[in-house]
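Here the structure comes first, spelled out in C-alpha cells, and everything after it is commentary.
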Amino acid sequence: MGDSRGYFYETFNEAHFKKHTGLDIHFVQDNQSLSKYGVLRGLHMQGGAFAQAKLVRCFKGQVLDVVVDMRKDQPTFGKSYSILLSEENHTQLFIPRGFAHGFSVLSDEAVFVYKCDNFYHRESEIGVAYNDPQFKIDWKIPEAERILSEKDQNNPAFAEAVKQLYAL
Ligand SMILES: Cc1cn([C@H]2C[C@H](O)[C@@H](COP(=O)(O)OP(=O)(O)O[C@H]3O[C@H](C)C(=O)[C@H](O)[C@H]3O)O2)c(=O)[nH]c1=O
C-alpha cells in the first residue's frame with residue numbers, strides 16, 4: 001500500500017501462505033544477508049533431521065535465485081530452477097525441504113531475507129558445486145567477477161553431494 005509517506009506491505013501472513021500453498025509450515029528462524037554485486041552464495045542445504053524449507057525474498061536490490069532438487073524420489077530430481085527476485089518485483093519463492101539453494105547478486109548490493117522451518121545446524125550442511133556441468137546454471141555474473149566464499153569454491157559435485165545428503 002503506497003501513500004504520500006511511502007509504502008506498507010505485509011511480507012508474511014500465515015493465512016495467505018496457507019491459502020496459496022496449502023501448507024502448514026511453522027517457520028522458526030529468519031535470516032538476512034547483505035551481499036555486493038557479483039557475490040554468489042550456494043548451493044547449500046541442510047539434510048537429515050535439520051532439513052530446512054525456506055521462504056526467500058530480496059528486500060533490497062536484485063538476485064538470481066536458484067534451487068536444485070535433491071529429492072531422489074521426485075521426477076524433478078537433479079533439475080535446477082532459477083528466478084529473479086528483487087526489491088521491485090516483491091516476488092517470494094517457497095523452497096521445500098530437500099532442495100539445494102543459492103543466489104547471485106545482480107545489483108550493486110542485495111539484502112536477502114528468508115524464513116526457515118528448522119534451525120541452523122552446521123553439521124547437517126551439504127554444499128553442491130555452483131558450477132556443476134550437470135545444471136549449466138547461468139548465474140549472469142562473468143566468471144572473473146564472481147565472489148565466492150572459500151567453502152563455495154570447493155563444494156562437491158552433485159553426485160557426491162547426494163551421497164553425503166543421504167548418509168546424514
Ligand atoms: C546459514 C547460517 C549461517 N550462520 C553463520 C555461519 C557463518 O559464520 C556465517 C555465514 O554463513 P554462510 O557463509 O554459510 O552464509 P551463506 O553463504 O549466506 O549461507 C546461506 O546460503 C544459502 C543461500 C542458503 O540458502 C543457506 O541458508 C545458507 O547456507 O553465518 C548462522 O549463524 N546461521 C545460519 O542460519
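Of all non-hydrogen atoms in Gly127 and Ala161, the two that sit nearest each other are O-CB, 3.4 Å. What you find for Leu43 and Gly102 is that their closest heavy atoms are CD2-N, 3.5 Å. What you find for Gly98 and Met45 is that their closest heavy atoms are C-CE, 3.6 Å. Counting all heavy atoms, side chain and backbone alike, Glu150 lies closest to Asn154 at O-ND2, 2.9 Å. The two residues Cys58 and Val63 have their closest heavy-atom pair at SG-CG1, 4.0 Å. Across Tyr130 and Leu40, no two heavy atoms sit closer than the pair CD1-CD1, 3.5 Å.
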Notebook entry, point to check: Does the side chain to side chain contact (heavy atoms under 4.5 Å, CB included) test come out yes or no for Tyr37 and Ile141, once each step is laid out?
Noted result: CA-CA 9 Å; Tyr37 170 76; Ile141 304 284; 3.6 Å; yes
Item checked: Verdict with reasoning, Phe135 to Tyr81, per ring pair (Phe, Tyr, Trp, His ring centres under 6.0 Å) -> CA-CA 9 Å; Phe135 310 121; Tyr81 170 80; over 10 Å; no
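One finds a salt bridge joining Asp24 and Lys18 here, because a Lys/Arg side-chain nitrogen approaches an Asp/Glu carboxylate oxygen to under 4.0 Å. At a threshold of 4.0 Å, the pair Lys54-Asp117 does not count as salt-bridged, since none of the basic side-chain nitrogens sits closer than that to a carboxylate oxygen. Taking 4.0 Å as the cut-off between side-chain N and carboxylate O, Glu160 and Lys163 count as a salt-bridged pair.
A donor-acceptor pair is defined here as one N or O able to donate and one able to accept, closer than 3.5 Å; no such pair exists between the side chain of Asp65 and the backbone of Ile83. Ser107 places no side-chain N or O within 3.5 Å of a backbone atom of Gly61 that could act as its donor or acceptor partner. Side-chain atoms of Asp132 come within 3.5 Å of backbone atoms of Phe158 as a donor-acceptor pair (strictly under, hydrogens ignored). At least one donor-acceptor pair closer than 3.5 Å links the side chain of Gln92 to the backbone N or O of Thr11. Between the side chain of Gln46 and the main chain of Glu125, no donor-acceptor pair closer than 3.5 Å is present. Side-chain atoms of Gln29 never come within 3.5 Å of backbone atoms of Lys115 as a donor-acceptor pair (strictly under, hydrogens ignored). Using a distance-only test at 3.5 Å, with no hydrogens or angles considered, a donor-acceptor pair links the side chain of Asn89 to the main chain of Leu84. Panel note: side chain Asp69, backbone Gln74; no donor-acceptor pair is recorded below 3.5 Å.
In this structure, the side chains of Glu10 and His16 come closer than 4.5 Å at one or more pairs of heavy atoms. The shortest side-chain heavy-atom distance between Val113 and Asn31 does not fall under the 4.5 Å cut-off. In this structure the side chain of Ser35 never reaches within 4.5 angstrom of the side chain of Glu109, judged on heavy atoms. Between Leu165 and Lys72, the closest side-chain pair of non-hydrogen atoms is not below 4.5 Å. Side-chain contact check for His44 versus Asp152: some heavy-atom pair is nearer than 4.5 Å. The shortest side-chain heavy-atom distance between Ser33 and Arg41 falls under the 4.5 Å cut-off. Residues Val28 and Phe119 are in side-chain contact: their nearest non-hydrogen atoms beyond the backbone lie under 4.5 Å apart. At a threshold of 4.5 Å between non-hydrogen side-chain atoms, the residues Asn155 and Val128 do not count as touching.
No hydrogens or angles considered: nothing links the side chains of Asp30 and Gln32 as a donor-acceptor pair under 3.5 Å. Side-chain polar atoms of Thr91 and Arg57 form no donor-acceptor pair below 3.5 angstrom.
Atom SG of Cys116 and atom CD1 of Ile25 lie 11.5 Å apart (nearest 0.5 Å). Atom CZ of Phe8 sits about 11.0 Å away from atom CG of Asp3, to the nearest 0.5 Å. With rounding to the nearest 0.5 Å, the separation of CD in Gln52 from NE2 in His121 is 11.0 Å. Atom NZ of residue Lys60 and atom CD of residue Glu88 lie 10.5 Å apart, to the nearest 0.5 angstrom. Of the inter-residue distances, the one linking Ser104 atom OG with Leu64 atom CG reads 4.5 Å to the nearest 0.5 angstrom.
Counting non-hydrogen atoms of neighbouring residues, nucleotides and ligands closer than 6.0 angstrom, the CD atom of Glu143 reaches no more than 12 such neighbours. The number of heavy-atom neighbours closer than 6.0 Å to OH of Tyr9, taken from other residues, nucleotides and ligands shown, is above 12.
Note on ring orientation: taking the six-membered ring where Trp is involved, the planes of Phe103 and His101 are tilted (angle from 30° to 60°).
With hydrophobic clusters built from ILVMFWY side chains whose heavy atoms lie under 4.5 angstrom apart, Ile126 shares a cluster with Tyr166. Both Val68 and Phe77 are members of a single hydrophobic cluster when ILVMFWY side chains are connected at heavy-atom separations under 4.5 Å. Both Val105 and Val56 belong to a common hydrophobic cluster when Ile, Leu, Val, Met, Phe, Trp and Tyr are linked at side-chain heavy-atom distances under 4.5 angstrom. No chain of hydrophobic side-chain contacts below 4.5 Å, direct or via other Ile, Leu, Val, Met, Phe, Trp or Tyr residues, connects Val66 to Phe99. Put simply, Met70 and Ile95 are part of two different groups of oily side chains (I, L, V, M, F, W, Y) that touch within less than 4.5 Å, one to the next.
Tyr114 and Phe12 have their aromatic ring centers separated by at least 6.0 angstrom. Not less than 6.0 angstrom separates the ring centroid of Phe59 from the ring centroid of Phe112. The six-membered or imidazole ring of Tyr120 lies away from that of Phe50, with a centre-to-centre distance of 6.0 Å or more.
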